[in-house]
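In what follows, a structure is listed as structure tokens, so that the remarks can point back to it.
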Amino acid sequence: MNYNNLLLEIHDNVALIKLNRPKALNALSPELMQELTDALDSCEADPAIHVMILTGNEKAFAAGADIKAMKDFSYMDAYKQNFITRDWERLTRCRKPVIAAVAGYALGGGCEVAMMCDFIIAADNAKFGQPEVNIGIMPGAGGTQRLTRLIGKSKAMEMCLTGRMMDAQEAERAGLVSRIVPTDKLLDEVMSTATQIAKLSQPVVMMAKECVNRAYESSLAEGLLFERRAFHAAFALEDQKEGMAAFTEKRPPNFQHR
Ligand code: CO8
């Protein structure tokens, strides 16, 4: 499928989705978000794809929702469209892993979209922020919620109330990103991580993702029970037999993803 606002490349079992509105710093227009939804739908439906990477360019992952597209919105426009829940929440429904590879600006909706991914690997030039307050609005796609869970109240509150940006080093210290890599190595590093995950048992990876996400949606006791049930279920997989046999026979496993 051809997209106007993003590029979709398939590398073996990894799909690389590049946000591609460079002149607007990848501002997340309704058309772009619709295309992102379509691209994620097709990746999720394709059994050959095991991992997705979401990235931008060296200057911007995404500088936020498209301000020009929403500047004339009324309350009724926003409310009636439920602005724009379907396309903005698609990422959070992906069952396959999605890694955000962030270089440059990840601001407002851009930071929120990065946080909807399973983890963020940041280039050393990455800048994260929720600057909505500077243009008379507030975060609307998880900036007050996911950011607070990820980095704690004090930093999240400061960022949402002042619009201050965080550089990559601060973001790593705060737990927003899993690690930092040199900007010119970002895609190689993220592709290597994605390829490593893609070789593992796909159902096990999906179960682990589901369980980690459960930690945000349940009490510890419920989460532990959910984890225990998934752990037990893993023993039904051929990949469990293969993984443990390969370990005892001192050879690499050959997972069949079932
Ligand atoms: N929307 C639209 N266009 C943008 C955006 C944006 N968010 N960000 C940058 N652009 C455009 C600029 O207008 C400019 O276009 P043009 O050349 O036609 O004038 C081009 O990108 C380059 O931008 P700058 O000239 O400003 O580049 P600088 O390097 O000088 O500055 C900044 C870079 C600091 C990133 C600056 O562009 C900036 O502050 N951008 C806006 C950041 C921002 O406020 N983001 C938050 C937007 S609101 C939001 O995200 C709410 C999300 C809620 C989602 C709810 C869904 C349910």
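On a predicted model such as this, the values are computed, not experimentally measured, just so you know. One-based numbering, in listed order, for ligands and for the atoms of each. Quick note: residue numbers are just sequence positions, from 1.
Here side chain to side chain donor-acceptor pair (under 3.5 Å) pairs that include residues 48-72, with residues two or more places apart or in two chains, are Arg21-Asp66. Residue pairs satisfying the salt bridge (Lys or Arg N to Asp or Glu O under 4.0 Å) criterion with at least one member in residues 156-169, sequence neighbours excluded, are listed as follows: Glu158-Arg164, Arg164-Glu170.
No N or O atom of Ala141 sits closer than 3.5 Å to an N or O atom of ligand 1. Ligand 1 has an N or O atom lying under 3.5 Å from an N or O atom of Gly109, backbone or side chain. The shortest N/O to N/O separation between Pro131 and ligand 1 does not fall below 3.5 Å.
A pairwise comparison of heavy atoms in Val102 and Ala114 identifies CG2-CB, 4.1 Å as the closest pair.
Proximity annotation for atom 31 (O) of ligand 1: of Leu25, Leu107, Asp87, Leu25 comes nearest, heavy atoms only. Among Ala24, Pro30, Ala63, the residue whose heavy atom lies closest to atom 42 (C) of ligand 1 is Ala63. Considering Lys23, Lys68, Glu132, Met165 only, the shortest heavy-atom separation from atom 19 (O) of ligand 1 involves Lys68.
A distance of 12.5 Å separates CD of Glu242 from CG of Leu237, quoted to the nearest 0.5 Å. Here the CZ-SG distance, from Arg228 to Cys211, works out to 11.0 Å after rounding to the nearest 0.5 Å.
The proximity of Met70 to ligand 1, defined as any non-hydrogen pair under 4.0 Å, is limited to the side chain. Using a 4.0 Å cut-off between heavy atoms, Lys59 contacts ligand 1 through its side chain alone, with no backbone atom that close.
Taking every heavy atom of Asp66 and a limit of under 4.0 angstrom, the matching atoms of ligand 1 come to 1 (N), 2 (C). Shown in contact with Ile135 at under 4.0 Å from a heavy atom are these atoms of ligand 1, numbered in order with element: 48 (S).
Residue contacts with ligand 1 leave out Gln130, since none of its heavy atoms falls under 4.0 Å from the ligand.
The existence of a salt bridge linking Glu9 and Lys18 is confirmed by a sub-4.0 Å separation between a basic side-chain nitrogen and an acidic carboxylate oxygen. With respect to the salt-bridge test (charged N to carboxylate O, under 4.0 angstrom), the residues Arg90 and Asp41 qualify. Using a 4.0 Å cut-off between charged side-chain N and carboxylate O, Arg179 and Glu189 make a salt bridge.
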